[in-house]
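FYI, the numbering just counts along the sequence from 1. Atoms within a ligand are numbered from 1 in the order they appear, just like the ligands themselves.
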Amino acid sequence: MVSRAELFAEVRRLAAVRDEETADFDANCILQDLLGEKNPMFSPKEPVPDEKAAEILALARKRSKGFPLQYLLGQWEFWGCNFKVGEGVLIPRPDTETLVEQVLDICRREGLTAPKIADLCSGSGCIAVALKKELPQADVYAVELSEKALGYLRQNTQLNGCGDIHIIEGDVLGRDTARSLTGLDILVSNPPYLTAQDMSELQTEVQHEPATALFGGEDGLDFYRAMTELWKSSIKSGGFIAYEFGMGQHDAVKAILEENGFTDVELRRDGGGIIRTAAAVNQNYAAITF
Ligand code: GLN
């Protein structure tokens with residue numbers, strides 16, 4: 001039997017094949033998860049049963065080939081909550097917490113304690129769950145199309161005690177879906193926004209994530225154009241829209257919002273200093289009929 005210390009060294013070595021900087025972190029996460037202990041390396045001499053060691057090494061080998069750590073662990077943290085993840089659903093990114101913060105700031109400022117919110121392209125449900133956790137009286141709708149993502153979305157709402165989030169299986173680019181939700185105080189979305197160029201240069205890890213959650217058309221803006229146009233009449237006049245987008249897309253997204261009758265566009269930077277989100281006020285007063 002190998003000791004934990006020996007096993008750690010080997011797992012670390014394999015993880016470092018992908019990224020030297022995160023190798024310690026990866027190895028720690030894998031051992032924590034598989035040994036079921038918070039601090040497995042507090043007992044470095046402890047022997048690891050052969051079968052367990054083989055299981056751990058199999059994961060480490062997958063990691064060394066560029067399989068995302070988050071999928072290996074089967075869960076990832078976002079906004080202090082745990083989300084089940086696996087192939088077929090986008091891994092929650094810390095950047096997206098900026099979008100949650102922006103929506104919460106709007107609610108605080110406007111005194112919205114029980115807003116009606118729709119999260120479009122909900123994926124794992126990280127945005128919907130984080131908002132519901134902070135605003136327990138909110139009426140939250142999560143819209144998702146992918147069958148695989150819906151499986152995770154259902155699990156994640158339940159596991160986080162947010163079973164009253166309304167899950168809508170539908171295409172956010174479909175007129176019927178947009179028509180089924182009206183009177184929204186806030187529409188929030190982190191849609192696919194990578195460009196054709198981005199898709200051709202994806203990191204190995206990201207290549208394992210669903211292209212449908214990443215690719216936003218040639219210039220990455222297809223969803224902003226189509227969703228803003230289609231959903232603006234589902235938002236109350238005076239209500240808000242909040243989007244996440246990619247680096248350098250802020251001017252284009254701002255223009256799309258303004259062309260569609262939204263004003264007071266507020267841009268925000270993520271933790272890495274990149275302008276990452278925009279929120280704006282809906283000024284479309286006329287009741288628009290479909
Ligand atoms: N933030 C993701 C990435 O950089 C993209 C997610 C998205 O398209 N919404 O890979």
Shell of residues surrounding ligand 1, defined by a 4.0 angstrom heavy-atom cut-off that is strict:
Leu90, Arg93, Asn190, Pro191, Pro192, Tyr193, Ala213, Leu214
Check Arg268 with Glu266, please: is the shortest side-chain N to carboxylate O separation under 4.0 Å?
yes
The test is salt bridge (charged side-chain N to carboxylate O under 4.0 Å, His left out); show your working for Glu205 and Arg63 and say whether it passes.
CA-CA 9 Å; Glu205 279 77 0; Arg63 181 71 201 98; 2.9 Å; yes
Do we get Lys84 above Tyr152's six-membered ring, with its NZ or CZ under 6.0 Å from the centre and within 45° of the axis?
no
Aromatic rings His166 and Tyr141: how do their planes relate, parallel, tilted or perpendicular, breaks at 30° and 60°?
parallel
Residue from Leu112, Leu131, Ile165, Ile127 passing side-chain contact (heavy atoms from CB on, under 4.5 Å) with Ile117
Leu131
So do the side chains of Arg93 and Phe78 get within less than 4.5 Å of each other, counting heavy atoms only?
no
